[in-house]
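The structure appears below as structure tokens.
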Number of protein chains: 2
Amino acid sequence: MTTSRQHTEALGRILELVVVLSDDMTRSLAAQGLTDARAHLLWELHHRGPSTQRVLADALRVSPRNITGLVDALAATGFVTREPHPTDRRATLVSFTEHGAAVTAAMERDQHEFARILFDGMPDDRFTALVEGLDDLLARLRAHGVSIDASREATDPESEAGR
Amino acid sequence: MTTSRQHTEALGRILELVVVLSDDMTRSLAAQGLTDARAHLLWELHHRGPSTQRVLADALRVSPRNITGLVDALAATGFVTREPHPTDRRATLVSFTEHGAAVTAAMERDQHEFARILFDGMPDDRFTALVEGLDDLLARLRAHGVSIDASREATDPESEAGR
DNA sequence: TCATGTGCTGAACCACCTTCACTATGTCGG
DNA sequence: CCGACATAGTGAAGGTGGTTCAGCACATGA
């Protein structure tokens, strides 16, 4: 039986991993002239293709007003362009410039390289055990009502009843 | 031999865990009237006892100027107090109020409860494998020059030479 | 056509972080 | 003891990321 102390130490390791990973990503993003939020937007755009700001707002879980600002900045620095939506004259379509597409492709390459650093050469049994452990953690979080989507409706006090 | 695709998926799991964990923490902090940065400061204070702002700035890896603002906010909402340093008249000591100490103690209880949710009842072999896997990842990151402290000196182009 | 909903933006605001300049104090060598 | 230099904290100004509210332009359905 594992102890509470071991649990807390394991949580500490996860949090350290969180800090190291996000720091490193922020740094490599900054090297390309991007902030976290702007890179995140580019990433969505990469996976969805040209999108309206509304769609991006939902994807990034952020207010539409904020998307305006991010797109302003990305357009000013030449990563994306705004074009009128072909059928809905209210909406604008955000698309990559060539530069934006190139940078995003580089981001994807970096991601694979990063995964390689983390996992390449790791024994199969350890890799499998690690992934199973992570899935277990995610399942436990979900089982306790902790999930990404909870941030939307968790303001409702009723949803705390199940604790 | 594991594939590049599996690596990328595993990285995705870690990132999801990161998002879920930090979202959940931010939410429970907000419930106590705290933001991430302010809670982080309280946490440091909890582990160090009354500290000068300089010490807190180093601990949080943040400019001293920013500490002034955070302490201002925490003092205004009654979590901490500023007192003159007993021997160094340049410095001020930041200490908990009763309220601040109580809230921080609650944070610590929450952390243990959270670790319990994550790990309690997990089979010993899985728990051990997970911790070993996490340690492996941290070791790989450090081996590739990715570390918490790298954020300080990584602005030096020389240090990139080892890639 | 008229009412209502949707997409985006201006204005105003808060949190967090930075750098630069400045004051007040500590410290150390001559 | 004193001048030179270092250190602790803060004011001012500014960038980024986020919010809400109000308003305009357009879409849509009764």
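In what follows, chains carry the letters A, B, and so on, assigned in the order in which the sequence lines appear, proteins first and then strands, with residues in each chain numbered from 1.
Atom-to-atom, CG of A:Asp36 to C1' of C:dA15 comes out at 16 Å; the value is rounded to the nearest Å. Between B:His40 atom NE2 and C:dA15 atom P the separation is 19 Å, expressed in whole Å. Rounding to whole angstrom units, CG of residue A:Asp58 and P of C:dT6 are separated by 12 Å. Atom-to-atom, CG of A:Leu56 to P of D:dG17 comes out at 15 Å; the value is rounded to the nearest Å. Between B:His85 atom NE2 and C:dT25 atom C1' the separation is 13 Å, expressed in whole Å. Summarising the geometry, the separation between CG on B:Leu60 and P on C:dA15 is reported as 17 Å, rounded to the nearest angstrom. Going from atom CD of A:Glu83 over to atom P of C:dC8 covers 14 Å, rounded to whole Å. Spacing between atom CG of B:Leu41 and atom P of C:dC16 amounts to 10 Å, rounded to whole angstrom units.
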### Task
Between protein and nucleotides 3-14 of chain D, map the contacts as a letter string: B base, S sugar-phosphate only, - none, heavy atoms under 4.0 Å, written 5' to 3'.
----BSSBBB--
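For B:Pro86 against B:Leu93, the heavy-atom pair with the smallest separation is CD-CD1, 3.8 Å.
A:Ser63 has no side-chain polar atom (N or O) that falls below the 4.0 Å cut-off from OP1 or OP2 of D:dG18. The phosphate of C:dA15 (OP1 or OP2) has no side-chain N or O of B:Thr35 nearer than 4.0 angstrom. Here A:Arg38 reaches the OP1 or OP2 of D:dG17: one of its side-chain N or O atoms lies under 4.0 Å away. Contact annotation: B:Arg89 does not reach the phosphate of C:dA24 (side-chain N/O to OP1 or OP2, under 4.0 Å).
Checking C:dC16, C:dT18, C:dT25 against the side-chain heavy atoms of B:Ala37 singles out C:dC16 as nearest.
Pairs of residues two or more places apart, or lying in two chains, that qualify as salt bridge (charged side-chain N to carboxylate O under 4.0 Å, His left out) and include a residue from residues 84-107 of chain B are B:Asp88-B:Arg90.
Aromatic pair A:Phe119/A:Phe127: centroids less than 6.0 angstrom apart.
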### Task
Show your working on salt bridge (charged side-chain N to carboxylate O under 4.0 Å, His left out) between B:Glu16 and B:Arg13 and close with a plain yes or no.
CA-CA 5 Å; B:Glu16 184 181 355; B:Arg13 277 184 176 75; over 6 Å; no
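Among B:Arg48, B:His46, B:His47, the one residue that satisfies the side chain to side chain donor-acceptor pair (under 3.5 Å) test with B:Glu44 is B:Arg48.
A donor-acceptor pair is defined here as one N or O able to donate and one able to accept, closer than 3.5 Å; such a pair exists between the side chain of A:Thr97 and the backbone of A:Phe79.
Here B:Arg109 does not pair with B:Glu113 in a salt bridge; the nearest charged N to carboxylate O distance is not below 4.0 Å.
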